[in-house]
Amino acid sequence: MRALGIDIGGTNIRAGVVTPDGTLSSLTRQPGSRDPEAVLTQVVALVERLGPVDAIGVGIPGRVDARTGAVMSGGYVDLSRLDFAARLAAATGLPVAVENDATMALIAEARLGAARGCENVVLLTLGTGIGGAVQDGGQIVRGRASAGQLGHIALDPAGPPCPCGRRGCFETLASGSALRARLDEAGLPSGIGFAEARNRATAGDKAIAAVIEAWVEALRAGIDSLIASFDPDCVVLGGGLGAEAAEVLAGTRGRSGWFDTSIRPAMFGDDAGVIGAGLAALSRLKPRRRAVLVNGVPASGKTRLADLCARLTGWPVLGLDTVKDPFLAAIGTIDRPFNRRLGVASLGAMADLVARWPDGATVILDAWFGFQPLDVIRVHLDKAGIDQLIEVWAHAAPETIGARYAARTASRPVGHPGLEYVPELVDLARRARPTGLAPVLEIDTEAEPDLVALSRFLSGGWAR
Ligand code: BGC
């Protein structure tokens, strides 16, 4: 399945094709418009140009009613006068998901990016305005309809006017366009970017230094208020100026320990909104098949975890070794390359089996997925018709994994490498990581598993 993710920004419209693992292709950027009808026409043309796709997701710069998809207000571009989602669906014949633009960026960053693994997140996009979105306990905070308008917390009631009707909102003081306007006033020639402005400030340009200092102060003040309000695991900064803001803030501290929270740049940078829009659109389509990848190196404890997942959910387990071991037993002792070929064939058999299951099925796949390049794994998942994934990552101290493997060599089915493999396995365990294809729950198999956390992940991890 593929969706078109679209991010309607103040200055540009960005669009790209997104697959369920967050891969973005055909990214296109074009100047936007302040005329809502013109924006709709542009979006329809983008769908025609970049399609075919199965669904469309659009990040809107304004308040969006999360339950109905109605656009309630806008800033620089105001789409509230159009029945945007319905008109786009009618023009393209495709399902359309709309959300606020920063909410889309949060979906991408929380699922697969800088906030992956964090339950509680504040995200800001710093661009033409300041977009905001909050995740609390793994759920996006919605309020009655459209919570998260973090660009509109007031920092200075006597400050510059804001499109929301007030004065001195966060975005009037700290957005990309606010910073640009102040730098212009300080004499920075247009076309010169932020990096050069910082160089000039360091080289002694006092006017520019004062503008940057005021910007950092406003950012810090706004972010500290958000940390005090939401107590997040991390604050993610995205949009055109997110990376720069995270960098300048790295040199600052909150006023006290109250405000000590990790502030980090968005992993997908300014593309987060497009990726999140695509993911949001895909998650509304009924998945064909879902899989829980229970992944980990040999002897990491993944098979016990896979069985535990099956007990907690009733979903069937398909293990790579379950497919491979009878062949090993029939063939007898084999060398490592042949063992690997059997592994690849077993992966193919697993995909072919699942491909024949009814739509709507969920399967637990128990394997060390790192034994093949990610692209090969993707091809097999695709062949199996699996379009929604979560991953449980089994790990333990590398020495424990080595000791477990050594202890089991006598009882392992014929064909598996013997004791000589242990040093290599210990080294592999040191380097191995989850696939990165899906939301992940990491489980230390040396401790008793937290059944509540595991059950919660197996039921709710999909939506993130
Ligand atoms: C709007 C927000 C939007 C942000 C970023 C603000 O002016 O009020 O809804 O998320 O700009 O586009």
Side-chain angles (χ1 to χ4, degrees), residues 1 19-23 287-310 313 315-359 361-395 401 405 408 412-417 421 424-425 428-429 431-441 443 445 458 462:
M1 281 197 300
T19 51
D21 63 5
T23 307
R288 226 172 121 211
R289 291 190 194 94
R290 307 191 303 178
V292 184
L293 303 185
V294 183
N295 189 13
V297 300
S300 58
K302 62 183 176 312
T303 298
R304 271 189 55 210
L305 270 185
D307 291 341
L308 185 58
C309 292
T313 58
W315 298 328
V317 182
L318 197 47
L320 188 136
D321 282 344
T322 321
V323 177
K324 192 173 79 167
D325 284 350
F327 291 91
L328 283 180
I331 300 164
T333 308
I334 56 168
D335 60 10
R336 292 272 303 275
F338 189 57
N339 189 7
R340 188 169 287 254
R341 275 168 61 198
L342 279 187
V344 176
S346 304
L347 201 61
M350 289 160 81
D352 289 345
L353 282 167
V354 176
R356 297 183 61 184
W357 290 7
D359 281 0
T362 302
V363 59
I364 298 163
L365 298 176
D366 161 20
W368 159 229
F369 288 93
F371 89 108
Q372 285 295 296
L374 266 189
D375 279 345
V376 174
I377 304 296
R378 277 198 188 95
V379 167
H380 283 95
L381 292 171
D382 202 41
K383 207 161 93 181
I386 291 168
D387 44 29
Q388 234 187 340
L389 276 184
I390 55 176
E391 178 166 356
V392 175
W393 173 248
H395 67 97
I401 289 180
Y405 193 91
R408 287 186 215 155
R412 271 192 183 265
V414 277
H416 286 278
Y421 177 55
E424 196 185 316
L425 175 60
L428 174 68
R431 290 177 285 113
R433 297 297 309 137
T435 63
L437 295 176
V440 65
L441 179 70
I443 296 189
T445 57
L458 292 170
W462 308 95

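Index from 1, following the sequence.
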- Message: Ignoring hydrogens, what is the shortest heavy-atom contact between G301 and A394? Give both atom names and the distance.
- Response: C-CB, 4.2 Å
- Less than 4.5 Å apart, any side-chain heavy atom of V292 and any of L458? yes
- Query: Between L437 and E391, what is the shortest heavy-atom contact and its length?
  - Reply: N-OE1, 4.4 Å
- Task: Output the distance between atom SG (C309) and atom CG (L441), rounded to the nearest 0.5 Å.
- Result: 8.5 Å
- Message: Does any part of the side chain of H380, heavy atoms only, come nearer than 4.5 Å to the side chain of I386, both counted from C-beta?
- Response: no
- Check whether any side-chain heavy atom of D321 lies under 4.5 Å from a side-chain heavy atom of T303, and answer yes or no. no
- Note on the structure: OG of S300 to CG of L425, rounded to nearest 0.5 Å, is 9.0 Å
- Can you list the steps and then say if K302 with V392 is a side-chain contact (heavy atoms from CB on, under 4.5 Å)? CA-CA 8 Å; K302 62 183 176 312; V392 175; over 6 Å; no
- Task: With salt bridge (Lys or Arg N to Asp or Glu O under 4.0 Å) as the test, would you mind laying out the steps for R304 and D307 before giving the verdict?
- Result: CA-CA 5 Å; R304 271 189 55 210; D307 291 341; over 6 Å; no
- Query: Less than 4.5 Å apart, any side-chain heavy atom of Y421 and any of R336?
  - Reply: yes
- Hey, is the main chain of H395 close enough, under 3.5 Å, to the side chain of T445 for a donor-acceptor pair? yes
- Message: Nearest 0.5 Å, please: how far is CZ in R378 from OG1 in T19?
- Response: 7.0 Å
- Query: Does the side chain of L389 come within less than 4.5 Å of D21's, by heavy atoms?
  - Reply: no
- Query: To the nearest 0.5 Å, what is the distance between CG (D366) and CG (L293)?
  - Reply: 10.5 Å
- Task: For residues W368 and N295, determine if any side-chain heavy atom of one lies less than 4.5 Å from a side-chain heavy atom of the other.
- Result: yes
- Message: If I take atom CG from residue L328 and atom CZ from residue F338, how far apart are they, to the nearest 0.5 angstrom?
- Response: 8.5 Å
- Interatomic spacing from CZ in F369 to OG1 in T435 - rounded to 0.5 Å: 8.0 Å
- Message: Donor-acceptor pair, distance only, cut-off 3.5 Å: does the side chain of R288 make one with the backbone of M1?
- Response: no
Let me have the donor-acceptor pairs involving side chains of residues 343-353, under 3.5 Å, with sequence neighbours excluded, atom names and distances please.
from: S346; atom 1: OG; to: L342; atom 2: O; distance (Å): 2.6

- So, do Y405 and P417 sit near enough that their side-chain heavy atoms are less than 4.5 Å apart? yes
- Item | Residue among R290, Q388, R289 satisfying side-chain hydrogen bond (donor to acceptor under 3.5 Å, both in side chains) with T362 | R290
- Shortest non-hydrogen pair, V317 vs A306, comes out as CG2-O, 3.8 Å
